[in-house]
Every structure is written in structure tokens, then in C-alpha cells.
Amino acid sequence: MSPTVKNQPTRRSPAPAKEVPAKEAPAQIGNAQIEDNRVLPALSAAQRKRFAKAVLSWFDDFGRKNLPWQQDASPYRVWISEIMLQQTQVTTVIPYYQRFMQSFPTVAVLAKASQDDVLDHWTGLGYYARGRNLHNSAQVIVEQYGGELPTTVDELERLPGIGRSTAGAIVSLGVGNWAPILDGNVKRVLCRHYTVDGWYGQTAVQKQLWQLSEQLTPANRAGNFNQAMMDVGATVCTRSNPNCSACPVSKTCRALARGKPTDWPHRKPSKEKPKRQCWMLVAIDKSSGEVLLEKRPQTGIWGGLWSLPQYDSVGELGDAANLLDGNVVPLEKLGPIEHTFTHFHLTIHPLIARISRQSRDAIMDTEQLVWYKHGDTPGGFAAPVAKLLDKLMQSLV
DNA sequence: AAGCCGGGGGA
DNA sequence: TCCCCAGGCTT
């Protein structure tokens with residue numbers, strides 16, 4: 001059947017046909033590799049066999065076999081489905097797939113169609129480069145392969161829009177040969193089963209997962225195995241509520257053994273939060289030690305809470321301080337204080353202005369302003385302000 | 001290595 | 001809201 005080569009090298013030859021080739025051989029030297037001392041998974045033959053057997057047996061009982069592209073599966077049908085399924089869920093894809101195959105039943109028809117016609121079938125599916133690449137690839141396939149999709153991972157990968165995983169899917173599901181895949185479902189299953197640490201977008205993690213996939217994909221029935229892995233990922237080993245009791249490999253799953261399957265895969269590190277700064281006026285009544293507070297507007301950060309008068313620049317703060325009392329300069333520094341919100345970091349620069357009794361009394365008495373004495377509870381405080389006031393009051397005592 | 005593409009759905 | 005989804009390509 002399949003000319004099965006286990007642990008097939010993942011090397012790629014330079015890609016002449018691909019218009020936008022640019023895939024370099026890794027050729028990463030020294031440092032990056034050495035720094036990464038994650039343990040490479042070396043699975044015993046028994047482990048691999050046990051895993052594949054369980055997954056294949058699960059496929060026979062529960063695997064999906066009625067998806068549109070599984071009927072009369074062919075390299076072409078699998079190709080189209082795989083492209084549509086990139087970053088797109090099955091239920092979304094199905095109607096698009098039906099319409100597409102209706103209009104473009106063969107590579108030749110697709111190649112001859114206009115790009116407008118092809119993209120029209122893609123409207124609403126997103127990632128429109130997929131449609132353009134698909135069309136371009138169809139023309140390459142007609143010109144260079146006589147209208148038949150190539151049947152090796154290496155050749156398929158040279159076509160625009162086809163990466164290693166999609167190529168592996170076409171080979172295993174469409175051609176019937178051995179090839180590993182690594183899509184989001186497989187990644188999640190493997191990350192959990194082997195408690196692979198780190199975010200799987202990282203190169204080192206990807207590499208490790210590919211090695212696992214290569215090792216686990218059995219020589220026979222690779223297509224069924226791959227389909228089953230995707231099905232397990234999509235229907236059993238789900239992101240938030242994995243149904244471990246229904247999983248064919250739960251007995252050997254390390255994440256489950258540790259009691260927390262959802263701790264893997266690790267999340268993508270959150271994007272660096274923007275940094276902002278502000279200046280806060282700490283106006284202290286020299287005679288009483290009271291501090292001027294200002295109520296924040298109802299909307300926005302710290303809405304309705306008591307805070308210190310806040311400014312976007314030190315200049316604005318200085319102006320306000322001088323308005324209170326002409327003799328406040330120089331202002332004493334007191335911070336800075338760091339505070340993190342869900343969406344940004346804030347650095348607060350508090351500056352102390354000591355106000356005379358006379359000036360203090362001249363301040364307008366409004367609902368938004370209050371002179372605060374240690375121990376008072378005018379209302380809610382913004383957390384960093386409360387901390388700052390505590391510290392300040394202690395130092396004054 | 002990080003950013004980009006995109007619309008939809010779940011938590 | 002944020003994150004993720006049968007990824008691949010560009011910078």
C-alpha cells in the first residue's frame with residue numbers, strides 16, 4: 001500500500017515552482033538550538049503502537065465519516081476542503097465547499113475560471129489569499145502536473161497556500177499514503193497528552209510537536225489516524241471542557257494524570273500592554289495635613305471613585321498647583337507608582353504641593369472636591385491611590 | 001520571531 | 001471582551 005517511510009525527514013528542497021517560495025531551510029546555527037534544552041520526546045515502539053491502535057479503534061467507532069469531502073475522497077476534494085478549513089470551522093466550511101465543488105468540479109475547471117469567479121465563491125469565508133492561492137495553484141497543477149495533484153508532501157508544499165500540514169492531509173486523506181499532519185486539533189491533543197510546555201506558536205514547540213506527530217502516525221491507515229486525531233481534538237479533547245472519559249488515549253494522557261487537562265496547551269503570551277503615564281497632585285494643607293481629593297467622572301477608569309487630581313503632563317499639574325497657591329514650587333516627588341490595568345500599564349507620578357491655610361480655604365467647594373483627613377471614608381478609592389494615601393499619611397504622622 | 005489575514009463562535 | 005479555529009505567507 002503506502003510506501004511508508006517512518007520518521008521521514010522533514011527537509012525541503014528549494015522550491016522552483018512556487019511563485020512566492022521563500023521557505024528557507026532552517027539552517028539555524030548554534031545558539032538558538034542550544035538554548036532550548038527542552039527534552040525531545042523519544043517514544044518507544046510500544047508506546048507508539050499503543051497510541052495508534054487506540055486512536056484507530058476509536059476512529060472505527062466514532063470517527064467522522066460523513067463529511068462532504070470524505071465522500072468519494074480524492075486529492076482534489078481533500079485539497080479544496082483543507083484550504084477552506086484553514087482557521088475555519090467545519091460547520092462554516094460545508095456550504096462553501098458544496099457550492100465550490102458544484103462550480104469547480106475539477107482542477108482543470110478551476111484553473112480556467114476567472115479569479116473573480118473563484119473569489120466570488122469565497123465571499124464571507126475570510127482569508128481571501130486562500131482563494132487566490134488556490135486558483136494560482138490550480139493553474140500550476142495544470143501546467144506542470146497535467147492537471148493531477150502531485151502526491152508527495154514535498155511537491156505539494158511548493159504550491160502556494162499549501163504548507164506542511166495541509167500537504168500531509170492531502171497525502172494521507174486524499175492519496176492514501178503516509179504523512180503526518182499538525183493542525184490546531186492535533187496540537188492540542190499532543191500538548192495535553194505529553195504535557196508539552198510553552199505556547200505552540202513558538203518554533204521550538206512546533207518542532208517538538210511535529211516530531212511527536214511523525215512518531216505517532218502509524219505506517220498503516222495514516223489517513224484514518226489523522227482524521228481520528230482531528231476528530232478527537234474537535235469533539236473530545238476540546239479547548240475548555242474536554243470529555244476525557246470518551247478519549248481513546250486518556251489512560252496515557254499526562255495532563256489528565258496531573259489532574260488538569262486544560263492547563264495545556266499553554267496560552268499565547270498576551271500582547272505587551274501599552275504604557276501610559278499620568279501626574280497626580282498631592283495638595284497638602286500645611287496646617288491640618290489634609291489632602292485634596294477629586295472625584296472621577298462616572299465613566300472611564302476608576303469611574304466614580306475618589307482619586308487625586310490627575311493630569312496628563314507635569315506642566316498641567318504645575319499650572320493647577322500654582323492656581324491653588326503661588327508658593328508651591330518646587331514640588332516634591334513621591335513616586336513613581338506602577339499600576340497595571342487589563343489593557344495598559346500606568347505609571348503614576350505623584351507630586352506634593354504644600355498649600356497654605358489661606359489658599360486652602362479659597363478653593364471652590366464643589367461636589368467633586370474634598371479635603372481628606374486620615375481615617376475619613378468619603379467613598380471608594382482607586383487602589384493605587386489608597387495605597388499612596390496610606391503611605392503618605394504614615395509619613396506625615 | 002512576529003504580524004497579518006477575517007469571519008464566526010465559545011467562555 | 002478575549003481567545004481560538006483542519007495555517008500559510010511576508011516582513
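Small disclaimer: the values here were computed from a predicted structure and weren't measured. All chains are named by letter (A, B, ...) in the order of the sequence lines, taking the proteins before the strands, and each is independently numbered beginning at 1.
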Across the strands shown, which category fits [X] at heavy-atom distances under 4.0 angstrom: base, sugar-phosphate, nothing?
{"X": "G124(A)", "value": "sugar-phosphate"}
{"X": "L182(A)", "value": "nothing"}
{"X": "Q227(A)", "value": "base"}
{"X": "I181(A)", "value": "nothing"}
{"X": "Y200(A)", "value": "sugar-phosphate"}

Between [options], which one does the side chain of [X] approach most closely?
{"X": "D183(A)", "options": "dC3(C), dG8(B), dG7(C)", "value": "dG7(C)"}
{"X": "S240(A)", "options": "dA11(B), dG8(C), dC4(C)", "value": "dA11(B)"}
{"X": "N133(A)", "options": "dG8(B), dC9(C), dG6(B)", "value": "dC9(C)"}
{"X": "Q86(A)", "options": "dG7(C), dA11(B), dG9(B)", "value": "dG7(C)"}
{"X": "N241(A)", "options": "dG7(C), dC3(C), dA11(B)", "value": "dA11(B)"}

Rounded distance in Å - [atom1] ([X]) to [atom2] ([N]):
{"X": "L125(A)", "N": "dG9(B)", "atom1": "CG", "atom2": "P", "value": "13 Å"}
{"X": "R130(A)", "N": "dC5(C)", "atom1": "CZ", "atom2": "P", "value": "15 Å"}
{"X": "I94(A)", "N": "dC5(C)", "atom1": "CD1", "atom2": "P", "value": "19 Å"}
{"X": "L209(A)", "N": "dG7(C)", "atom1": "CG", "atom2": "P", "value": "14 Å"}
{"X": "M84(A)", "N": "dG8(B)", "atom1": "CE", "atom2": "C1'", "value": "16 Å"}
{"X": "Y127(A)", "N": "dG8(B)", "atom1": "OH", "atom2": "P", "value": "13 Å"}
{"X": "N136(A)", "N": "dG8(C)", "atom1": "CG", "atom2": "P", "value": "17 Å"}
{"X": "R239(A)", "N": "dG9(B)", "atom1": "CZ", "atom2": "C1'", "value": "9 Å"}

Is the phosphate of [N], meaning OP1 or OP2, less than 4.0 Å from a side-chain N or O of [X]?
{"X": "Y128(A)", "N": "dC9(C)", "answer": "no"}
{"X": "R188(A)", "N": "dC5(C)", "answer": "yes"}
{"X": "T91(A)", "N": "dG9(B)", "answer": "no"}
{"X": "Q87(A)", "N": "dG7(C)", "answer": "yes"}

Does a donor on one side chain sit under 3.5 Å from an acceptor on the other, for [X] and [Y]?
{"X": "D117(A)", "Y": "S114(A)", "value": "no"}
{"X": "T91(A)", "Y": "Q89(A)", "value": "no"}
{"X": "N185(A)", "Y": "R188(A)", "value": "yes"}
{"X": "S307(A)", "Y": "E294(A)", "value": "no"}

Exercise. Would you please indicate if the ring centroids of W279(A) and H349(A) are separated by under 6.0 Å?
Key: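 Ring centroids of W279(A) and H349(A) are less than 6.0 Å from each other.
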Quiz item: Do Y200(A) and H266(A) have their ring centres less than 6.0 Å from each other?
Solution: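 So the answer is no for these two rings.
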Quiz item: Roughly how far, to the nearest 0.5 Å, is CE of M101(A) from OG of S81(A)?
Solution: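 Interatomic distance, S81(A) OG to M101(A) CE, rounded to 0.5 Å: 9.0 Å.
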[atom1] atoms of [N] and [M], separation to the nearest Å:
{"N": "dC4(C)", "M": "dG3(B)", "atom1": "P", "answer": "15 Å"}
{"N": "dG8(B)", "M": "dG8(C)", "atom1": "P", "answer": "23 Å"}
{"N": "dT1(C)", "M": "dG6(B)", "atom1": "P", "answer": "22 Å"}

Quiz item: Do T88(A) and dG6(B) have a side chain to base donor-acceptor pair shorter than 3.5 Å?
Solution: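 Under the 3.5 Å cut-off, the side chain and the base do form a donor-acceptor pair.
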Self-check item: W199(A) or T92(A), whichever maps to the more 5' nucleotide of DNA chain B
Solution: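 Going by which nucleotide is closer to the 5' end, it is W199(A).
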